[in-house]
Amino acid sequence: MRTPIIAGNWKMNKTPAEAETFANEIKDALNAIEGVDIAFCPPAIAIPAVAAAVAGTKIGVGAQNMYFEEKGAYTGELAPNMITPFCQYVILGHSERRGYFGETDEGVNKKIKAALAHGLTPIVCVGESLEQNEAGETHAFVSGQVKAAFDGLTAAQMAQCVIAYEPIWAIGTGKSATAEQAGEIIGKTVRGTVVAMFGDETAQAVRIQYGGSANEKNIAEYMKQPDIDGALVGGASLKPVFIELVQNAI
Ligand code: PEP
């Protein structure tokens, strides 16, 4: 039985002071919700403040990105051991990172290995564009992303990862995938590829989220799908309605 996980990706929103205030505002209500793992993923500079705010609660903290090298001349990047004092999770390969900042499958693979080596749980994002979806390329593309991301991992490492299936056309657009569409791609394509790579037992241990305009109204439908184990939430994680979303997920 996989414990669902709902993670809020705050993206480039909220200053450290705003992030701390918001975390304090919603943490008690979220902490009282049983049967679900919860994470806040604030902008990097707000991570220490948010980690301090949620200390002593069940809420975990995630970074939105991380570099795979340990240290050195990588201006603007954060090394794994810079986030591990505060974070349990790290989002890797988000489509905004891939699309705007040139992240590659190869780089995502290196980051996943570095995160696991440092005891972080990677939340690895995959998902197709609208053009790929309309051209019927979703299965091939997403399966290829999964293969590239998890290449070279042991089964034990794979089982520790979280995958977020986020169709790019559904992110921040208000145009969500139907629960059936998402459930089928997550089951057949995402989990199916993990089965082919690592076997059924490992694949059944991996938690797979849906992401793309998830909200407090549609989350219950996604969660009814047997292969969907939670959500990576952008817009709806920035407001107190996130509490309702998490409540409605379980
Ligand atoms: C995301 O940030 O990964 C995301 C899914 O955003 P939204 O919920 O706003 O579509």
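Counting starts at 1 for both ligands and their atoms, in listed order. Not measured: the values here are computed from a predicted model.
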Return the closest protein heavy atom for [atom] as residue, atom name and distance.
atom: atom 8 (O) of ligand 1; result: G234 N, 2.8 Å
atom: atom 3 (O) of ligand 1; result: E166 OE2, 2.6 Å
atom: atom 2 (O) of ligand 1; result: K11 CE, 2.6 Å
atom: atom 9 (O) of ligand 1; result: G235 N, 2.8 Å

Looking at [X], which atoms of ligand 1 are within less than 4.0 Å of one of its heavy atoms?
X: L232; answer: 3 (O), 5 (C)
X: I171; answer: 4 (C), 6 (O), 10 (O)
X: H94; answer: 1 (C), 2 (O), 3 (O)
X: N9; answer: 1 (C), 2 (O), 3 (O)
X: G212; answer: 5 (C), 10 (O)
X: A170; answer: 10 (O)

Just checking, is any N or O donor in the side chain of K71 or N81 under 3.5 Å from an acceptor N or O on the other one?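 Result is no, nothing qualifies.
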Exercise: do H139 and E184 side chains pair donor with acceptor under 3.5 Å: no
Measure from atom 10 (O) of ligand 1 to every heavy atom in A214, A236, G172 and give the option owning the shortest one. G172
Flag side-chain contact, heavy atom, 4.5 Å: [X] against [Y]:
X: I38; Y: K58; value: yes
X: S176; Y: Y210; value: yes
X: L153; Y: K113; value: yes

Under 3.5 Å, side chain of R191 to main-chain N/O of D227, donor-acceptor pair present?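 Flag set: sc R191 to bb D227 pair under 3.5 Å.
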Non-neighbouring partners of P240 that pass side chain to side chain contact (heavy atoms under 4.5 Å, CB included), sequence neighbours left out: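 Residues passing side chain to side chain contact (heavy atoms under 4.5 Å, CB included) with P240: F22, E25, I26.
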Candidate list I123, L232, V194, test side chain to side chain contact (heavy atoms under 4.5 Å, CB included), partner I163, passing option: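 For I163, the side chain to side chain contact (heavy atoms under 4.5 Å, CB included) check succeeds only for V194.
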Less than 3.5 Å between some nitrogen or oxygen of S213 and one of ligand 1, yes or no? yes
